[in-house]
S.K.: 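Could you have a look at this structure, given as structure tokens, before my questions?
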Amino acid sequence: MQKTYIKDLSNHVGEEVSLKGWIFNKRSSGKIKFIILRDGTGLLQCVYFKGNISEEVFNLADRLGQESSIEVKGKVKGEPRAVGGYELDASDLKVIGEAHDYPITPKEHGVEFLMDNRHLWLRSSKQIAIMRIRHRIVKAIRDFFDDRGFTLMDPPILTPAACEGTSTLFETEYFDLGKAYLTQSGQLYAEAGAMALGKVYTFGPTFRAEKSKTRRHLTEFWMVEPEVAFADLNDDMDLAEEFLECIVQTILKEKQEELIALERDTTKLANVKRPLPRISYDEAVEILKRNGIDFQWGNDLGGTDETVISNQFDKPVMVHRYPAEVKAFYMKRDPNNDKLALAVDVLAPEGYGEIIGGSQREDNLEVLQARIKEQNLPQQAFEWYLDLRRYGSVPHAGFGLGLERTVGWICGLEHLRETIPFARMIYRNTP
RNA sequence: UCCGCGAUAGCUCAAUGGUGGAGCAUCCGGCUGUUAACCGGAGGGUUGCAAGUUCGAGUCUUGCUCGCGGAGCCA
């Protein structure tokens with residue numbers, strides 16, 4: 001008898017097959033029982049008629065609770081009434097692992113309860129769809145850079161000092177060398193990589209100990225950071241828009257089934273094609289003022305400001321040339337206006353906020369040393385970084401894309417906690 | 001850190017200051033095409049904790065604990 005998976009049933013119509021999985025739901029009507037089997041690839045209705053199988057097997061189904069693991073055997077047939085369009089005319093049922101009182105019932109639950117049971121919640125249809133889309137986005141990201149001659153270069157996760165100086169970091173004791181910190185960005189190391197390999201990207205977890213309590217924040221999240229030698233801000237924006245187009249169009253093309261399961265309205269995602277609108281910070285401030293927001297030039301854009309700006313466009317918008325004061329020390333100043341940094345943020349539509357932050361980097365040794373001094377950063381810790389400017393400095397640029405915000409936007413989710421298998425937030429580090 | 005909101009059965013929620021209920025889940029019974037199946041029955045409670053007001057508190061007051069949303073910070 002052929003062993004198979006639910007997703008492959010179309011190749012087995014009329015055949016006897018066996019499948020293994022978990023009981024997703026069941027219904028009974030006296031002499032007929034329906035077991036909905038879940039095997040990780042889909043759902044399948046298995047039908048047990050009292051006359052067709054032994055009394056023992058027929059009664060077994062009564063005992064088995066939701067999420068019991070089982071093996072079923074039977075004949076595959078097309079059945080428009082059943083979920084997935086196929087049905088199993090079942091002839092056998094074997095128990096692998098019994099389950100009783102599974103906490104997540106096929107009814108509504110609160111988010112807190114579901115997050116306490118995250119290890120089980122992952123079995124639900126929507127969560128499975130999200131994880132599949134996350135996986136495909138990761139693959140699209142890696143393919144995008146790999147296909148364009150980038151080399152993946154993993155930065156350290158334990159670092160001796162703050163990358164950007166401002167954020168609060170997780171701290172740990174590192175043997176006799178004093179304190180070490182969990183990285184908040186691989187960027188500085190990516191710059192070293194770009195000087196070695198030309199085009200590199202880092203892709204890994206990053207950590208922020210900020211006490212953020214919003215739907216847009218996690219303490220542990222994944223970031224992909226390309227860095228390119230001999231590139232300026234325009235090259236950086238060109239790369240970012242091609243990158244976003246590639247990710248979104250790939251998901252639209254290959255993950256329709258999952259997007260439907262999530263009830264995602266994809267009309268706005270379909271708009272994500274080059275060119276993306278590019279506006280300066282000055283223009284962004286104008287937009288805010290036109291919308292009646294009392295915004296002071298020189299401040300960073302807040303969450304609501306970002307939403308107002310992105311609502312003016314039907315695709316992601318790039319905002320460039322921010323006031324240097326609100327941006328990191330390593331960003332290069334605009335040669336035409338010393339108050340501006342050659343930075344770019346990409347704001348996702350539909351209120352999903354900043355998904356990309358990038359810049360051209362300061363490549364002049366003396367200027368960079370002055371910035372480090374201005375911001376009271378420990379210069380000793382940055383000597384290696386300054387070496388990149390001492391030995392063959394070149395213009396270079398890069399950006400960071402937050403994976404979870406991208407997943408949340410593409411999936412149309414309310415909260416970032418569903419975009420990662422086990423979210424780490426200020427008041428949650430379990431399960 | 002600041003502002004706002006919340007905590008009642010395993011879960012989701014009701015209950016004018018006056019005998020704490022319903023749906024789902026669980027258990028028992030019924031039904032040969034169910035789609036979060038349905039119908040009948042049963043069990044299930046220190047109303048987050050502590051004090052106060054009151055003849056009487058799930059409900060009003062105060063404090064505490066825990067959580068949620070937002071601000072700041074950022075991807």
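Letters A, B, ... are given to chains in the order of the sequence lines, protein chains preceding strands, and every chain is numbered from 1.
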S.K.: Return the stacking result for G33(B) and Phe34(A): yes when the ring centres lie under 5.5 Å apart and the planes under 30°, no otherwise.
M.R.: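 By the stated criterion, Phe34(A) and G33(B) do not stack.
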S.K.: Check the distance between A75(B)'s P and Leu347(A)'s CG and give it to me in whole angstrom.
M.R.: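 After rounding, the reported distance stands at 12 Å.
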S.K.: His100(A) or Glu404(A): which one's nearest nucleotide on RNA chain B is closer to the 5' end?
M.R.: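 The 5'-side residue here is His100(A).
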S.K.: Could you tell me the Watson-Crick or G-U partner of G58(B), where both distances fall under 3.5 Å? Say none if there is no partner.
M.R.: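 Pairing partner: none.
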S.K.: Applying the Watson-Crick and G-U wobble criteria at under 3.5 Å, what pairs with G69(B)? Answer none if nothing qualifies.
M.R.: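 C3(B) is the nucleotide pairing with G69(B).
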S.K.: Choose from G72(B), C74(B), U34(B) the nucleotide whose nearest atom is closest to any side-chain atom of Gln45(A).
M.R.: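 Nearest nucleotide to the side chain: U34(B).
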S.K.: Quick check: does any side chain N or O of Glu258(A) sit under 3.5 Å from a backbone N or O of Ala129(A), one acting as donor and the other as acceptor?
M.R.: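 Pair absent, no side-chain N/O of Glu258(A) close to backbone of Ala129(A).
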S.K.: Just to confirm, is there a sub-4.0 Å distance from OP1 or OP2 of G69(B) to any side-chain nitrogen or oxygen of Arg417(A)?
M.R.: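 Affirmative; the distance criterion is met.
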S.K.: Which one, A75(B), U32(B), A25(B), comes nearest to the side chain of Thr105(A)?
M.R.: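 It is A25(B).
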S.K.: Rounded to the nearest Å, what distance is computed from the CD1 atom of residue Ile104(A) to the P atom of nucleotide U12(B)?
M.R.: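 After rounding, the reported distance stands at 11 Å.
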S.K.: What about the rings of Phe150(A) and Phe144(A), do their centers lie closer together than 6.0 Å?
M.R.: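 So the answer is no for these two rings.
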S.K.: Under a 3.5 Å distance rule, please check whether Glu245(A) uses its side chain to pair with a backbone N or O of Arg274(A) as donor and acceptor.
M.R.: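 Yes.
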S.K.: Report yes if a donor N or O on one partner sits less than 3.5 Å from an acceptor N or O on the other, where the partners are the side chain of Glu112(A) and the base of G6(B); otherwise report no.
M.R.: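 Checked by distance alone, the answer is no.
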S.K.: So what does Glu87(A) touch, heavy atoms closer than 4.0 Å: a base, only the sugar-phosphate, or nothing?
M.R.: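 Here Glu87(A) touches the bases of the nucleic acid.
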S.K.: Output the rounded distance in Å from CD1 (Ile356(A)) to P (A75(B)).
M.R.: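 Distance, rounded to whole Å: 11 Å.
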S.K.: Using modelled atom types and a 3.5 Å cut-off, is there a donor and acceptor pairing between side-chain atoms of Glu79(A) and backbone atoms of Arg81(A)?
M.R.: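 Judged by distance alone, yes, a pair lies under 3.5 Å.
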S.K.: Is Gly402(A) touching bases, backbone alone, or none of the nucleic acid, heavy atoms closer than 4.0 Å?
M.R.: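 Sugar-phosphate, no base atom in range.
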S.K.: What is the nucleic acid contact for Ile36(A), judged by heavy atoms within less than 4.0 Å: base, sugar-phosphate only, or nothing?
M.R.: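 If one applies the 4.0 Å heavy-atom cut-off, Ile36(A) turns out to touch nothing in the nucleic acid.
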S.K.: For U16(B), give the paired nucleotide (Watson-Crick: N1-N3 plus N6-O4 or O6-N4; G-U: N1-O2 and O6-N3; both under 3.5 Å), or none.
M.R.: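 Looking at the geometry, U16(B) pairs with no nucleotide.
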S.K.: Nearest of A75(B), G33(B), C74(B) to any side-chain atom of Glu79(A)?
M.R.: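 Nearest listed nucleotide: G33(B).
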S.K.: Just name whichever nucleotide pairs with G48(B), Watson-Crick or G-U, keeping both distances under 3.5 Å, else none.
M.R.: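 WC or wobble partner is C64(B).
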S.K.: Should C24(B) form a Watson-Crick or G-U wobble pair with both distances under 3.5 Å, which nucleotide is its partner?
M.R.: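 Pairing partner: G10(B).
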S.K.: Less than 3.5 Å between a donor and an acceptor, one on the side chain of Arg27(A) and one on the base of C31(B), is that the case here?
M.R.: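 Looking at the base of C31(B), it does not pair with any donor or acceptor on the side chain of Arg27(A) (distance under 3.5 Å).
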S.K.: Is any N or O donor-acceptor pair between the side chain of His217(A) and the base of C74(B) shorter than 3.5 Å?
M.R.: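 In this structure, the two groups form a donor-acceptor pair.
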S.K.: Looking at the base of C31(B), is there any donor atom on it, or on the side chain of Ser28(A), that sits under 3.5 Å from an acceptor on the other one?
M.R.: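 Per atom types, the contact qualifies.
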S.K.: In whole angstrom, give me the gap between the P atoms of U1(B) and C64(B).
M.R.: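 To the nearest whole Å, 13 Å.
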S.K.: Nearest to the side chain of Phe113(A), heavy atoms from C-beta on, is which of A75(B), U26(B), U12(B)?
M.R.: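 Of all the options, the side chain of Phe113(A) is nearest to U12(B).
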S.K.: Establish, from distance only, whether the side-chain atoms of Glu227(A) and Tyr201(A) form a donor-acceptor pair under 3.5 Å.
M.R.: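 Result is no, nothing qualifies.
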S.K.: For the pair made of CD1 in Ile426(A) and C1' in G70(B), what is the distance, rounded to whole Å?
M.R.: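 After rounding, the reported distance stands at 13 Å.
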S.K.: Reckon Asp345(A) touches a base, only the sugar-phosphate, or nothing at all at heavy-atom distances under 4.0 Å?
M.R.: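 No contact.
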S.K.: Just N and O in the side chain of Arg216(A): are any of them under 4.0 Å from OP1 or OP2 of A71(B)?
M.R.: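 Arg216(A) to A71(B) OP1/OP2: side-chain N or O found under 4.0 Å.
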S.K.: Measure up the Tyr281(A) and Tyr322(A) rings against each other and bin them: parallel (under 30°), tilted (30 to 60°), perpendicular (over 60°).
M.R.: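 Answer is tilted, since the angle falls between 30° and 60°.
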S.K.: Would you mind telling me which of G33(B), U12(B), A75(B) lies closest to the side-chain atoms of Ile32(A)?
M.R.: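 Nearest nucleotide to the side chain: G33(B).
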S.K.: Where the side chain of His109(A) is defined as all heavy atoms beyond and including C-beta, which of U32(B), C11(B), A71(B) is the nearest nucleotide?
M.R.: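 Closest nucleotide among those given: C11(B).
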S.K.: Check whether any side-chain N or O of His415(A) sits under 4.0 Å from OP1 or OP2 of G69(B), and answer yes or no.
M.R.: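 The answer is yes; a side-chain N or O of His415(A) sits under 4.0 Å from OP1 or OP2.
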S.K.: Quote, to the nearest angstrom, the P distance that separates A36(B) from C11(B).
M.R.: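 So the two P atoms sit 24 Å from each other.
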S.K.: Tell me what Ser29(A) touches on the nucleic acid: a base, only sugar-phosphate, or nothing, going by heavy atoms under 4.0 Å.
M.R.: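 Touches a base.
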S.K.: With both distances under 3.5 Å as the test, what is the Watson-Crick or G-U wobble partner of G33(B)?
M.R.: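 Per the H-bond distance test, none.
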S.K.: Assign the ring pair His109(A) / Phe113(A) to parallel, tilted or perpendicular, where the plane angle (0 to 90°) is split at 30° and 60°.
M.R.: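 Parallel.
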S.K.: In whole Å, measure the gap between the C1' atoms of C5(B) and C73(B) for me.
M.R.: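 Nearest-Å result for C5(B) against C73(B) at atom C1': 23 Å.
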